[in-house]
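Both backbone and side-chain heavy atoms feed into the values below; hydrogens, waters and symmetry mates do not. All of these numbers come straight from a predicted model, not from anything done at the bench.
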Amino acid sequence: LTAMIGFCDLLLARHTESDPSFHDIMQIKQNANRAANLVRQLLAFSRRQTLQPKIFSIGDALNDMSNLLRRLIGENIKLEISHGEGVDLIRTDPGQFDQVIINLVVNARDAMKRGGTVSISTQKVRIENSIQRGHEVMHAGDYILIDVVDTGSGIAKEDINRIWEPFFSTKEVGKGTGLGLSMAFSIVQKHSGRIEVESTPGVGTRFRVWVPVGGPT
């Protein structure tokens, strides 16, 4: 896939938009990028993707992503980002952190066909006692809680417990892989965090993500 995308770039450098081949090459590149993204999601979900955790500023990361997120959601959806007091460093893999946020925002966008607002807020919280869910444990300590809230159609009660399942999707055939939320769930768990969802049909959905604080606590 890397070779395909690289050769497409070389071809695009030699063809202008007026060339009949230009749009065909672009289509090849777009499909290759979609395939590469699917492979990354499968690797992340199967836990075969190597983690490279780093300590970085969540505020800077979200601000850097804001332009990309606004392009993803379109002009009819408003994006709001706010940070609570004391929110700064987190410890996680930056690339996978970006993927979690992108997946949640895209999910919010798809729930707001007629427009609306998606809000991303952060706050620092302390978990006093370890929380166990199945075989996964979120240990006591300091975390950054990230809320991603939309004003969309919400999730039906019969679907709320299935959204983390791989390949489960309520979208039309061909509109999604059904891996976005399951991948976000897997990534957060791998980083000793936690992700939950609250939703009211017709009102909206709130995803809550806890990730460990980076640096001195």
Side-chain angles (χ1 to χ4, degrees), residues 37 40-41 44-45 49-112 115-131 136-152 163-164 179-199 204-217:
N37 185 53
R40 281 193 293 270
Q41 292 184 45
F45 179 73
Q49 196 172 52
T50 303
L51 286 177
Q52 296 181 326
K54 297 179 181 178
I55 295 175
F56 61 93
S57 167
I58 187 173
D60 290 346
L62 289 175
N63 289 337
D64 290 344
M65 292 177 65
S66 61
N67 287 334
L68 169 62
L69 295 176
R70 286 189 171 91
R71 287 198 298 271
L72 284 173
I73 61 179
E75 296 181 355
N76 66 330
I77 296 176
K78 183 180 180 181
L79 175 67
E80 298 178 343
I81 299 177
S82 61
H83 300 290
E85 185 177 350
V87 172
D88 188 15
L89 302 177
I90 59 174
R91 185 179 186 276
T92 185
D93 183 304
Q96 293 200 14
F97 170 80
D98 288 356
Q99 197 63 56
V100 169
I101 299 300
I102 288 171
N103 286 349
L104 295 180
V105 170
V106 167
N107 190 79
R109 176 201 68 190
D110 292 345
M112 295 184 287
T117 301
V118 57
S119 303
I120 304 174
S121 62
T122 64
Q123 61 178 303
K124 188 174 182 179
V125 297
R126 182 164 185 82
I127 304 299
E128 298 294 344
N129 300 301
S130 296
I131 301 172
E136 305 293 338
V137 178
M138 186 170 75
H139 298 286
D142 290 320
Y143 290 82
I144 301 299
L145 171 59
I146 308 161
D147 280 334
V148 180
V149 183
D150 68 61
T151 57
I163 62 170
W164 310 118
L179 283 172
L181 292 180
S182 60
M183 186 181 72
F185 186 90
S186 177
I187 289 173
V188 172
Q189 281 195 325
K190 283 190 296 182
H191 287 89
S192 302
R194 185 178 178 91
I195 182 169
E196 295 179 346
V197 61
E198 303 168 359
S199 187
T205 300
R206 176 191 302 268
F207 284 95
R208 315 203 81 190
V209 181
W210 288 262
V211 291
V213 165
T217 59

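With H191 contributing its side chain and R91 its backbone, the two residues share no donor-acceptor pair below 3.5 Å. Proximity of a side-chain donor or acceptor of D147 to a complementary backbone N or O of S121 within less than 3.5 Å is not detected. Looking only at distances, a side-chain donor or acceptor of S66 sits under 3.5 Å from a matching main-chain atom of N63. Distance alone, capped at 3.5 Å, places no donor-acceptor pair between the R109 side chain and the G74 backbone.
A heavy-atom distance below 4.5 Å is found between the side chains of F56 and I90. When side chains are defined from C-beta on, V213 does not count as touching L89, because their heavy atoms never get closer than 4.5 Å. In this structure the side chain of I163 never reaches within 4.5 angstrom of the side chain of F185, judged on heavy atoms. Inter-residue side-chain proximity for I187 and F97 is flagged as unmet; no heavy-atom pair is nearer than 4.5 Å. In this structure, the side chains of L69 and I102 come closer than 4.5 Å at one or more pairs of heavy atoms. By the 4.5 Å heavy-atom criterion applied to side chains, L104 and D150 are not counted as neighbours. Here the side chains of V100 and I146 are not in contact, with every heavy-atom distance at 4.5 Å or above. Side-chain contact between H83 and L62 is present, with at least one heavy-atom pair separated by less than 4.5 Å.
Separation of atoms CD1 (I101) and CG (L72) is listed at 12.5 Å; rounding is to 0.5 Å. Taken to the nearest 0.5 Å, the CZ atom of R126 stands 10.0 Å off from the OH atom of Y143. Distance check: I144 CD1 to Q123 CD gives 9.0 Å after rounding to the nearest 0.5 Å.
In this structure, T205 and S199 approach most closely via the heavy-atom pair OG1-OG, 2.8 Å. Here the shortest heavy-atom pairing between S192 and M138 reads O-CG, 3.8 Å. A184 and I195 get closest at one heavy-atom pair: CB-CD1, 4.4 Å. When all heavy atoms of E196 and W164 are compared, the pair lying nearest together is C-CZ2, 4.3 Å. Residues K190 and Q96 share a closest heavy-atom pair of NZ-OE1, 3.6 Å.
We find that R206 and E198 are joined by a salt bridge, their nearest charged nitrogen and carboxylate oxygen being less than 4.0 Å apart.
Identified under the salt bridge (Lys or Arg N to Asp or Glu O under 4.0 Å) test for residues 55-79, with sequence neighbours left out: K78-E80.
Checked options V87, D88, V209; the residue passing with T122 is V87 (criterion: side-chain contact (heavy atoms from CB on, under 4.5 Å)).
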(message) Run T117 and V149 through side-chain contact (heavy atoms from CB on, under 4.5 Å) and show every step you take.
(response) CA-CA 8 Å; T117 301; V149 183; over 6 Å; no
